[in-house]
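What you see is a predicted model; the values in this text were computed from it and never measured. Excluded from the calculations below are hydrogen atoms, water molecules and symmetry mates; all remaining heavy atoms, backbone and side chain alike, are included. A note on names: the letters A, B, ... follow the listed sequences, proteins ahead of strands, and every chain is numbered from 1.
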2 protein chains.
Amino acid sequence: EDLTIEDVTLDASQGRVTLVGVPDVPGLAASIFERVGEAGILVDMIVQSYSVEGRANLTFTVPRDDIERSLELVEAVRSEIGAGPVTSSASVAKLSVSGIGMRSHTSVAIRMFSALAAANINVEMISTSEVRVNVVVDGADGEAALAALQKEFADVQR
Amino acid sequence: EDLTIEDVTLDASQGRVTLVGVPDVPGLAASIFERVGEAGILVDMIVQSYSVEGRANLTFTVPRDDIERSLELVEAVRSEIGAGPVTSSASVAKLSVSGIGMRSHTSVAIRMFSALAAANINVEMISTSEVRVNVVVDGADGEAALAALQKEFADVQR
Ligand SMILES: C[C@@H](O)[C@H](N)C(=O)O
Ligand SMILES: C[C@@H](O)[C@H](N)C(=O)O
């Protein structure tokens, strides 16, 4: 397999907010993130998996200093849109593996999951795109996760 | 705001599979996707939002022709790992907006959500990375969603 990885990186600067049980109807993602954007908060990852029984969980990550403000904003929107509880973590670690032409290499994501599993590190969020796979783990696991992935991809890193 | 978009694209070739209620313990993402990868199925998007009450929903997209096989594989894993039901859609449409330096532009994601809301199109999945925002809508809404986004970003497309 002709696989080349550009980079394995760790971003340990963020926290996450999850809005559980957002009604799966048009317009709600816009109203949640318009509110957060208007406050000047720089959202990094936004992840929504497919809804279950008409409700979806929306998770996003922000700089750690913006967690409190994000929680206040999301709590205010929550009752307006009839969503469920809000959960958060003050500290998450985002591990990214990026490389050109990754689209044909599902194996990059699989190797990430396997390397983290072997290190007994829990995968908390996953977000893949054609050129990059992002995985979020607990903030306390960031360094160990980075080491596990650097070792896993040492043979194919440019 | 200094925003430049490279591309607004539609990929209407895929379907999605969602495994609901995966226990949030290390190693399960690896065992699910090792199975799918070994079968030679080319997974495109993998999205996992943060878990709720110790369980996470995992959604992934595959070429439409591979939906049946993916469902069989995931059903086989499901009982082994004690996960919940499996849902799927035969046809989803992935809309991608990509551009260099997007990380500081939460506004790209917000503009996507707002443009789709204005067109009354439901956002089914979201996956953002630094250089690309992917949104999945129902397969039947793909063309209308593409038109709405091309119009929204016409002023900043390279
Ligand atoms: C949950 C949320 O994404 C909703 N489906 C929307 O379109 O806004
Ligand atoms: C749900 C799944 O991602 C699990 N947390 C794992 O690490 O494999």
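No other option in T59(B), I46(B), I110(B) has as many heavy-atom pairs under 4.5 Å with chain A as I46(B). Of all the listed residues (V47(B), V135(B), T128(B)), the one sharing the greatest number of non-hydrogen pairs under 4.5 Å with chain A is T128(B). Per-residue heavy-atom pair counts under 4.5 Å with chain A were compared for M112(B), E124(B), M125(B), and the maximum is reached by E124(B). Note: S49(A) leads S49(A), G84(A), G21(A) in heavy-atom pairs under 4.5 Å with chain B. For chain B, the option among V25(A), T87(A), I32(A) with the highest count of heavy-atom pairs below 4.5 Å is V25(A).
Here CG of D66(B) is found 11.0 Å from OG1 of T61(B). Values are rounded to the nearest 0.5 Å. Interatomic distance, CZ of F33(A) versus CG of L28(A), reported as 11.5 Å (0.5 Å rounding). D11(B) contributes atom CG, which lies 6.5 Å from atom CG of D44(B) (distance to the nearest 0.5 angstrom). One finds the CD atom of Q157(A) at 7.0 Å from the CD atom of Q150(A) (value rounded to the nearest 0.5 Å).
For chain B, no part of S31(A) is nearby; none of its heavy atoms comes within less than 4.5 Å. Both the backbone and the side chain of V123(A) come within contact range of chain B, each with at least one heavy atom under 4.5 Å from a heavy atom of that chain. The contact between N134(A) and chain B is made entirely by side chain atoms (from C-beta outward), counting heavy-atom distances below 4.5 Å. For L58(A), the parts sitting under 4.5 Å from any heavy atom of chain B are the backbone and the side chain alike. Contacts between S114(A) and chain B at a heavy-atom distance below 4.5 Å involve backbone atoms as well as side-chain atoms. Contacts between A29(B) and chain A at a heavy-atom distance below 4.5 Å involve backbone atoms as well as side-chain atoms.
A distance-only check finds a donor-acceptor pair linking the side chain of R111(A) to the backbone of E152(A) [under 3.5 Å].
Using a 4.0 Å cut-off between a side-chain N of Lys or Arg and a carboxylate O of Asp or Glu, R55(A) and D24(A) do not qualify as a salt bridge. Remark: R78(A) engages E75(A) in a salt bridge, criterion side-chain N to carboxylate O under 4.0 Å.
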What do the steps show when you test R16(B) against D138(B) for salt bridge (Lys or Arg N to Asp or Glu O under 4.0 Å), and what is the final call? CA-CA 10 Å; R16(B) 60 102 199 157; D138(B) 184 276; over 6 Å; no

